[in-house]
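Encoded as structure tokens, the structure appears first; notes follow it.
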Amino acid sequence: MKNTLALITFTLIISCNAQIYPLRTYSIVPSNSYIKDLNSELLSYEGMWTANWNGKVFFIELKKVKKYFTHLDNNPYYMDVLIGKFKVTDSNGQVLFDNTSIPDNNAKVVGGKIFSPTSTKYSLRYIDPEICGMNGLIIINFTDSTKTKLNWKFSDMTDIITVDCQYYNANPFPQPLPKNIILTKQ
């Protein structure tokens, strides 16, 4: 009886833990699994980062959250990701863009994965319905061993701006994110 109880307990523990996978998992996981930051790799990215950019100041706060991905109808899952909320001010301190007060589940900058098992580059997506559905890919990585400098590269992938967009034919078109800068941790 003791052996049977021990076997059942062991099986339950294994089956519960079998649903948790490390952040650097690159295979398909079972439905409702959790790809978790078990090694605290995202911790160094968290915090407030700033940089000067074309006469503006860019502030972004990166934060780790547990996100539920449902884009695969037959295989939804949870994953620890970084989200970013940012603010851009001009040289006079006037706010040009600010989404720092929106809820975490509406963040316009949402992380994905670290590129490979040996990479230190992390990818994020930017989607902004308020600027004509502007979207793109952000790649970040540390430039120093103290992890206080972050290389930021943004590739705008916005394809079509329709006439119903408030910025249709705007010149210049709003640029809420810098293309290529070095951020400093505050």
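Heavy-atom basis, side chains included; hydrogens, waters and symmetry copies ignored.
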Just so I know, are the side chains of [X] and [Y] near enough to count as touching, which here means a heavy-atom distance under 4.5 Å?
X    : Y    : value
V81  : V65  : yes
M48  : E61  : yes
N39  : L23  : no
C132 : Y168 : no
T158 : F173 : no
F58  : W49  : no
P76  : N32  : yes
Q175 : M134 : yes

Closest approach of [X] to [Y] (non-hydrogen atoms, all atoms of both residues):
X    : Y    : value
Q19  : P30  : OE1-CB, 4.2 Å
A107 : I83  : CB-CB, 3.9 Å
K64  : E46  : N-OE2, 2.9 Å
R24  : S119 : NH2-O, 2.9 Å
S33  : Y21  : OG-CE1, 3.5 Å
K185 : L43  : NZ-O, 4.4 Å

With rounding to the nearest 0.5 angstrom, report the [atom1] to [atom2] distance, [X] to [Y].
X    : Y    : atom1 : atom2 : answer
I139 : Y122 : CD1   : OH    : 10.5 Å
T89  : F97  : OG1   : CZ    : 11.5 Å
L62  : I140 : CG    : CD1   : 5.5 Å
I20  : K36  : CD1   : NZ    : 5.5 Å
I181 : I60  : CD1   : CD1   : 9.0 Å
N54  : D90  : CG    : CG    : 12.5 Å

Hydrogens and angles aside, do N75 and Y77 bring a side-chain donor and acceptor to less than 3.5 Å of each other? no
Polar side-chain atom of [X] near backbone of [Y] as donor-acceptor pair, under 3.5 Å:
X    : Y    : answer
D98  : T100 : yes
T184 : A51  : no
D37  : D80  : no

Go through the steps for N141 and K153 under the test side-chain contact (heavy atoms from CB on, under 4.5 Å), then give the verdict. CA-CA 9 Å; N141 64 287; K153 291 186 181 187; over 6 Å; no
Are more than 12 heavy atoms, taken from residues, nucleotides or ligands other than Q94, located less than 6.0 Å from that residue's CD atom? no
Give a yes or no on whether K179 atom NZ has more than 12 heavy-atom contacts from other residues, nucleotides or ligands under 6.0 Å away. yes
Before accepting this row, confirm whether a basic side-chain N of the pair K85/D104 lies closer than 4.0 Å to the acidic partner's carboxylate O. yes
Pair K149 + D144, salt bridge at N-O below 4.0 Å: no
Answer yes or no on whether K66 is positioned over the face of Y34, meaning its NZ or CZ is under 6.0 Å from the six-membered ring centre and within 45° of the axis. yes
Taking the inter-plane angle between the rings of Y126 and F154 on a 0 to 90° scale, is it parallel (under 30°), tilted (30 to 60°) or perpendicular (over 60°)? perpendicular
Treating Ile, Leu, Val, Met, Phe, Trp and Tyr as nodes and any side-chain heavy-atom pair under 4.5 angstrom as an edge, say whether [X] and [Y] lie in one connected cluster.
X    : Y    : answer
I131 : I161 : yes
L150 : W53  : yes
L124 : I127 : no
L183 : L96  : yes
Y26  : M79  : yes

Please test F142 against T120 for side-chain contact (heavy atoms from CB on, under 4.5 Å), starting from the C-alpha separation and ending with a verdict. CA-CA 7 Å; F142 294 107; T120 59; 5.8 Å; no
